[in-house]
Each structure stands twice: as C-alpha cells, then as structure tokens.
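Worksheet: one structure, shown below.
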Amino acid sequence: MKHPGPNDQNATPEDMQLPRTESDSGDQTAPQTMPTEIRFGAFVREITVQQNRISYNSLTPKVWRDAEGREIPYQASRIRLRPIDAYRLIRPYVSVRFMEQIRAVLPLALYLVLFQLFVLHQNILDAWIIAGGLVAVILGLMCFMEGLKVGLMPFGETLGSTLPAKAHLHLVLLIAFLLGIGVTFAEPAIGALKAAGQIVRVESAPYLYTLLNDWSEILVLGVGLGVGIAAVLGTLRFLYGWSLKPLIYLTLLPTLGLTLYILQDPELAKTLGLAWDCGAVTTGPVTVPLVLSLGIGIAAAAGKGQTSLSGFGIVTLASLFPILGVELLALYVAQVSSPEEIIAAAAEASALATEPDWYARTPWLEILGGLRAILPLVLFLFLVLRLVLRERIQHPGNITYGITLAVIGMIIFNLGLTYGLTKLGSQSGGLVPASFTEIAAVEGDPLYSFELGLTIAFVFAWLLGFGATLAEPALNALGLTVENLTNGAFRKQLLMNAVSIGVGFGLMLGVAKIVFAFSIAWLLVPGYLLAVFLTFFSTEEFVNIAWDSAGVTTGPVTVPLVLAMGLGFGDAMNAIEGFGILSMASICPILSVLITGLWIQWKVRRKHRRYDASMNTSAAQEASA
C-alpha cells in the first residue's frame, strides 16, 4: 500500500502524518522502519473488500399475530448441529486439556520404555496392554480434572464464602474436618496405595501386610483423620494469621518421637516407610483445591483472606498429620495382634481362598472404586449446602455434568492405573536391579559391573524424579504464585529447578535404602531435623514456600508410578518392603528450597548492604564538599 507523504498533491484530509524515518534525514542506506499509521481511506477500502451487508431486519424473526391482532411470542427453533459442527466446537476445548495430561504422562512413559530397551536391553512385556492403560490414564485424568473444576470446586467455593456467615465457628471447623476425611477417599493415588498390599509378603512384614490388607479401609480413614485435623488447623491459621513455624515444630515433635519409638520394635519398624509415604499420597488434585478453597473462603469472609500467606501452610499440615495417624494405627494394631497371629490368619485365609466375588474383580473393582470415591463426597457437600446453609445449587446442570465427568474420569483412571501406569512402573523397577545384581527375571545378569550398574540405578531414579516433577502442572502454578509473592526475588524457573533436583535426590536416596536394606528412619529423622534447623533461620515467606513445595511433587501420575517402581525394585531385590521413596521425595525438595531461599536472602541482604554503603559514601563526599 502506498502511503502519501506531506508534499503529496493527492493527499486528502483523511491522510495521517507518517513517523519520520532515518531515510528522511538523507541517509539512503539506513533501513526504513515499519510505518505505524496508515490512511483511513485505505483501511476502509481493505476491510470492505468481499464483504456483504446484511440488514438487521433480515436476522430478526418476523412478527406474527393471532386473529385478534395480538403478537404471538416467538419460539426459537432448536439449534441442530451436524457431527462435524459438534466436533469443531468441542475440539479446541478438549485438545487443551488432553495435551496437559499428555505432557504429564507421555514423557515419563517414554523414559521408562527407552531405559528398559536401550539400557537394560529388555523387551516390554504386554506392550499393547500397557499402551492402552496409558491412554486410559490420560483420558481418565482429563475427564476427572475437568469434572473436578466444573462439578466439585464450586461446592468448595460456595461453602467457603457462605459458611462463616450462616454457621458458628465450631460447626465450620466440624465441616472442614469431615471434608478433609472425604477428600482423602476421593484421591486417585489412594487406590495405588491400597493395591500395594498385594506385593508385601506376610512372613517378611506381618504388621505391614495386615495394615495394607486387613486394615486397608481403616488405614485410609486414619490418613483422612490426619487430613481433617490439618484442614481444621489450616482454617484457624487463615482466620487468626498464625505463623507456620510453630505449627511445623509442634507437629514434627510427636511424629519424629513416635518414629524413634517404633524404630525400637523390628517388626513395627517395617511400617515406617508406609507411614511416611502416606503423607505424600494425601496432597493430590482433590484434597488441595477443595480444602484450600474452603479455608481461603472462610478467611476472606472474615476479612483476613488477602494476606500474602493466604493459601500456604495447609498443604504442609495435610502432609504431616497423616503420618502421625498411620503411626498411631500401627501401634494400635501391634497391641491387638501379634506377628504370629497375623501370619497364621493369613495362612488360614489363603487355604480357604476361593474365587473372588464379581465386585472384587476387574473391571467391576475399578468401577465401584470410582463411584465410592466421588459420590459420598458429593453427597456430603450437597447435604451441607442444603441442610446447613439453606442454599440452592447454582447451575445444577453444570454441577451434574461435572460430577458425572469426575466419576467417569475416576473409573477410566483406575482402569488405566491397573493396566498401564502401575504395570509399567513395576516392570521397569523390577528390571533395574539387573544392572548390578542377579535377579530371576533377567538372563545374563548382572548386565554391568557392580559399581557401574549401581550408578546406572541411581541415575535412573534421579532422572525419573527430576522429569516427573517438572511434568507436574501444579509445580508450574506454584512457581508463578511464588514469583509474584516474592516480587520476582524467587523466580519461577529457579523454584521449579530446586524442587525437581530435590525430588531427584530423594528418589535416589530411596533406592539406596532398598539396595542397602536399612530403615528409612535413618534418612528421615536427620532430614527433618535439618529442615527444622533451616526453618528456624528462614523467613516466614520462604518457610511457607518450601514446606508446601513438597505437596506439589506428589501428583496423581507421580505417586502410582514411583510407588510401583519402588515396590517392583524392592521385590526384585527380595527386600522386605519397598516403601519410603515417596517420603524421601517429600523431604528433599523441602531442604533444597529452604537452602535456595537462604541463598536468596543472603543475596538480597548483600545487595542492600552495598546500596547502603554507596549511599553513605555519597553522603560523606557531599558533606566534605
């Protein structure tokens, strides 16, 4: 398009003055900048090319009248969509959510497959079944997360905003407590924890076996009680602005004390890995959003929800209290039964074992598990909304759609977990020890020398932890929040790298625990004592960030995969149990983020000292002048 210059004889009043470029000053070789203004006439001409004008009267329906001259109300005909039209409307909506889960699942699956093929030189067993299971995991997570946002999250937001105005504080805290229990049963990773009981041998770890099999429902209830107490304390913290540091100290003191006490009993000590792993399982995609929305809503309704600490702390508490709950349950089980009784009961049950009932077999087990996880929680939220708050459900069609989507997603995810993610993780984890020792499943083992093979196993665990953490969508969201909260001092990428490196070293230490067969307590107790020491010297801001960062590392993909890998690794090594890896994947990122935070604090203080010194020097020079 030719733009008129200021001396153009054909210029019209519509012409606008162009910005002066370097070529206008006589420099013919200088590059011309793109004009930022064009003729209005040229603009109008361009936008009217191949345009049809349609009268508004042609779009509005014709007015019809009855015999008495009264206007007949217009009834719009129902929109009819061809299948191709429906596809074009839904495709952008679905593709974004589908790609989110692809990015979370596919890189980890490819990493395990390529490691098994090219490093361990082993074929993938049941490859097509595993591939179908991974697709089911992706589709199930996509449906479940969308259903969670559309169907369940509005319940939590409504409860949080209206509950304080219509109920006494005691009732509010009771509902928060019950909600904490309900969301635990709805966590997708809980199914992976319960399925782990089938791998444990009763003769090797009787208390651990009975907790995962005979007491499995009570175990989940104990974890839920811990989350419920955390929800209550987190809500009170939002209301009264309590510091997180004292709550961490007061929670860790009995937890570490019970750990040292349980360590004295060799049989009970085998349950410690499970207890500390339960803390990592709880902070998933259901617990964190629902409990957080309730707590922040209550604080906002009380006029205290806009502080920089809003939203932090409750994830930390929801990770620590379940550990305490499982430890107390293990002590109770030890009081009511002995190892000999558990082994005898298991042998008797094995002798009388018959074909399991229809509801205990696939796929009915996964279908009923999905219904049992979601529907009781929805029923509880509905009863609170109708009976306590006397509120009508807004947009019931959308809520029903979301709940249906969440149930379907949970069922598909459970099926994918059984046939895909758990099978792949267990297979890969069971083959890794062949790199440095002899196992029954691999011929010609060990594949490498002991030192090289052990290094390969550690590198495998580190890369798995690092990659799985970077793939977690929640970590990216936390990084953005932290960057805004710290005014850019703690960059998003720096936080993501610190957390991912911490998880990598955590998985590596967890594998070392299985290889060298020592108690996980010898890693956890010093690790948490070091975390308390670093917490004391850190600011409240970085304490909240560091302790909550452990929760975002244990998502619905990471937990089943890492848990299956650890149990498969332990089974191949004939270890007593393969628990403890998840707990190390929680404490190590806390340490790495706390250390990074102290480093940032030191940099900021040094910068301030330099600025103050320069200002003092300038003031002294001015005074001397």
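- Heavy atoms only, all atoms of each residue included: K513 and F579 are closest at NZ-O, 2.8 Å.
- With values rounded to the nearest 0.5 angstrom, L530 atom CG is found 5.0 Å from L591 atom CG.
- Within the 4.5 Å cutoff, no side-chain heavy atoms of Y528 are placed close to those of T255.
- Residues I581 and L563 have side chains not in contact (no heavy-atom distance under 4.5 Å, counting atoms from C-beta outward).
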Check the pair I501 / F466 against side chain to side chain contact (heavy atoms under 4.5 Å, CB included), numbers first and verdict last.
CA-CA 6 Å; I501 290 172; F466 185 83; 3.8 Å; yes
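- No side-chain heavy atom of F542 sits less than 4.5 Å from a side-chain heavy atom of L598.
- Residues L263 and W522 form a side-chain contact, since some pair of their non-hydrogen atoms from C-beta on lies under 4.5 Å apart.
- A pairwise comparison of heavy atoms in P322 and G279 identifies CB-CA, 4.4 Å as the closest pair.
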Determine, step by step, whether L421 and L108 satisfy the side chain to side chain contact (heavy atoms under 4.5 Å, CB included) criterion, reporting the C-alpha distance in whole Å, the side-chain angles of both residues, the deciding distance to 0.1 Å, and the verdict.
CA-CA 10 Å; L421 212 57; L108 298 179; over 6 Å; no
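- Side-chain contact between Y611 and M615 is present, with at least one heavy-atom pair separated by less than 4.5 Å.
- More than 12 non-hydrogen atoms from other residues, nucleotides or ligands lie less than 6.0 angstrom from OH of Y249.
- Contact annotation: the side chain of K245 never approaches that of F536 to less than 4.5 Å [non-hydrogen atoms, C-beta and beyond].
- Listed by first and then second residue, the salt bridge (Lys or Arg N to Asp or Glu O under 4.0 Å) pairs that reach into residues 486-499 are E483-R491, sequence neighbours excluded.
- Here the straight-line distance linking atom CG of L179 with atom CG of L377 works out to 6.5 Å at 0.5 Å rounding.
- The distance from the CD1 atom of I138 to the CE atom of M99 is 9.5 Å, given to the nearest 0.5 Å.
- Here the closest heavy-atom approach between residue I587 and residue A531 is recorded as CD1-CB, 3.9 Å.
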Evaluate the criterion side chain to side chain contact (heavy atoms under 4.5 Å, CB included) for residue pair L454 and F516; output intermediate values, then yes/no.
CA-CA 11 Å; L454 197 58; F516 298 109; 3.8 Å; yes
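- In this structure, Y93 and E146 have side chains that are in contact, with non-hydrogen atoms separated by less than 4.5 Å.
- With a 6.0 Å radius and a threshold of 12 heavy atoms from other residues, nucleotides or ligands, F518 has its CZ atom above the threshold.
- Although no hydrogens or angles enter the test, the distance criterion places a donor-acceptor pair under 3.5 Å between the side chain of S592 and the main chain of A498.
- Within the 3.5 Å criterion, the main-chain N or O of L244 finds a donor-acceptor partner in the side chain of E540.
- The closest donor-acceptor contact from the side chain of R97 to the backbone of M142 lies at 3.5 Å or more, if one exists at all.
- A side-chain contact (heavy atoms from CB on, under 4.5 Å) with L317 is found for exactly one of D548, L247, V227, namely L247.
- In this structure, the ring of F460 has its center less than 6.0 angstrom from the ring center of Y111.
- Across every non-hydrogen atom of L594 and T535, the tightest pair is CD1-OG1, 3.7 Å.
- Across all their heavy atoms, G479 and L495 have their closest contact at CA-CD2, 3.7 Å.
- A donor-acceptor contact shorter than 3.5 Å links the side chain of T316 to the backbone of W547.
- Taken to the nearest 0.5 Å, the CE atom of M145 stands 11.0 Å off from the CG atom of L152.
- Here the straight-line distance linking atom CG of D277 with atom CE of M584 works out to 10.5 Å at 0.5 Å rounding.
- Of the inter-residue distances, the one linking F458 atom CZ with T455 atom OG1 reads 7.5 Å to the nearest 0.5 angstrom.
- Smallest separation of non-hydrogen atoms from I323 and W276: CD1-CE3, 3.3 Å.
- Using a 4.5 Å heavy-atom cutoff, the side chains of L225 and F321 are not in contact.
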With side chain to side chain contact (heavy atoms under 4.5 Å, CB included) as the test, would you mind laying out the steps for T251 and L324 before giving the verdict?
CA-CA 8 Å; T251 308; L324 192 59; 5.6 Å; no
